[in-house]
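Here's the structure we're looking at; comments come further down.
All heavy atoms count here, side chains included; hydrogens, waters and symmetry mates do not. Heads up: numbering here begins at 1 and tracks the sequence.
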Amino acid sequence: MPPELFSMLSRIIEMGGSVSLFYTDRNGIYDEWVDVYPLSFYEFPETDTWLGSVNLWAFHAPHNKKEQFNVERIEGVEVNLVKAVLDSNTYSEFWYGFVSQLQ
């Protein structure tokens, strides 16, 4: 995962907002996961039989359950703009960053 995606997800975790994740699963299927609420990152350490991995633990609203995503397979992240407009308090950091880029 590129550092800018990690940084964006970290900010979304702090804000408590939702995103869309563009993700390739373990079967090689590329898909968009909509309405994902990132909760935290966690690491499975390397062992003699496992290379280790870093994962994103997130709540997936359409499935009403928590999912894990291997960060190496996350190819893109988009803030849900409709929710960002409707809930500007939660997404205030996003809007501040967007407005400051326009100046």
Side-chain angles (χ1 to χ4, degrees):
M1 168 188 296
E4 60 272 6
L5 289 184
F6 181 83
S7 177
M8 182 182 198
L9 283 170
S10 296
R11 288 194 311 266
I12 293 293
I13 288 169
E14 291 173 10
M15 292 188 303
S18 73
V19 297
S20 290
L21 290 178
F22 298 90
Y23 185 76
T24 301
D25 69 13
R26 65 177 178 252
N27 300 313
I29 298 171
Y30 179 80
D31 199 4
E32 178 182 7
W33 287 66
V34 179
D35 213 10
V36 174
Y37 290 81
L39 302 172
S40 64
F41 291 101
Y42 62 96
E43 179 181 2
F44 289 113
E46 183 177 353
T47 66
D48 292 338
T49 57
W50 176 253
L51 294 175
S53 66
V54 177
N55 296 285
L56 173 69
W57 188 243
F59 178 76
H60 188 222
H63 288 149
N64 197 31
K65 66 178 187 175
K66 292 181 181 175
E67 306 274 358
Q68 69 177 1
F69 300 91
N70 184 309
V71 298
E72 293 177 8
R73 296 183 180 150
I74 296 174
E75 298 177 22
V77 177
E78 289 182 359
V79 172
N80 184 328
L81 291 178
V82 173
K83 287 191 176 189
V85 169
L86 295 175
D87 187 4
S88 60
N89 288 334
T90 298
Y91 292 90
S92 61
E93 184 177 328
F94 168 76
W95 287 118
Y96 174 75
F98 179 72
V99 171
S100 66
Q101 288 178 359
L102 293 176
Q103 297 176 353

Spatial distance of atom OH (Y37) from atom OG (S18) [nearest 0.5 Å]: 4.0 Å

Donor-acceptor contact present, side-chain S10 to main-chain F6, <3.5 Å: yes

Within-4.5 Å side-chain heavy-atom neighbours: Y42 and V54: no

Approximate separation, where rounding is to 0.5 Å, of E72 CD and N55 CG: 9.0 Å

Spacing of D48 atom CG and W50 atom CH2 [to the nearest 0.5 Å]: 14.0 Å

Mutual orientation of the aromatic rings belonging to F22 and Y30 [parallel < 30°, tilted 30-60°, perpendicular > 60°]: parallel

Rounded distance (nearest 0.5 Å) linking atom CD1 of I74 with atom CG of L9: 5.5 Å

Side-chain heavy atoms of V77 within contact of S20, under 4.5 Å: no

Parallel, tilted or perpendicular: ring planes of W33 versus H63, cut at 30 and 60 degrees: perpendicular

Minimum heavy-atom distance P38-A58, with the two atoms named: CA-CB, 3.8 Å

Minimum side-chain heavy-atom gap N64-F59 below 4.5 Å: yes

From OH (Y23) to CG (L56), nearest 0.5 Å: 9.0 Å

Interatomic spacing from CG in L21 to CZ in F69 - rounded to 0.5 Å: 5.5 Å

D25 side-chain N/O to N27 backbone N/O, donor-acceptor pair under 3.5 Å: yes

Distance-only donor-acceptor check, side chains E75 and T24, under 3.5 Å: yes

Steps toward side-chain contact (heavy atoms from CB on, under 4.5 Å) verdict (E78, V19): CA-CA 5 Å; E78 289 182 359; V19 297; over 6 Å; no

Short side-chain to backbone donor-acceptor contact, H60 and Q68, under 3.5 Å: no

Non-hydrogen side-chain atoms of L39 and K66 separated by less than 4.5 Å: yes

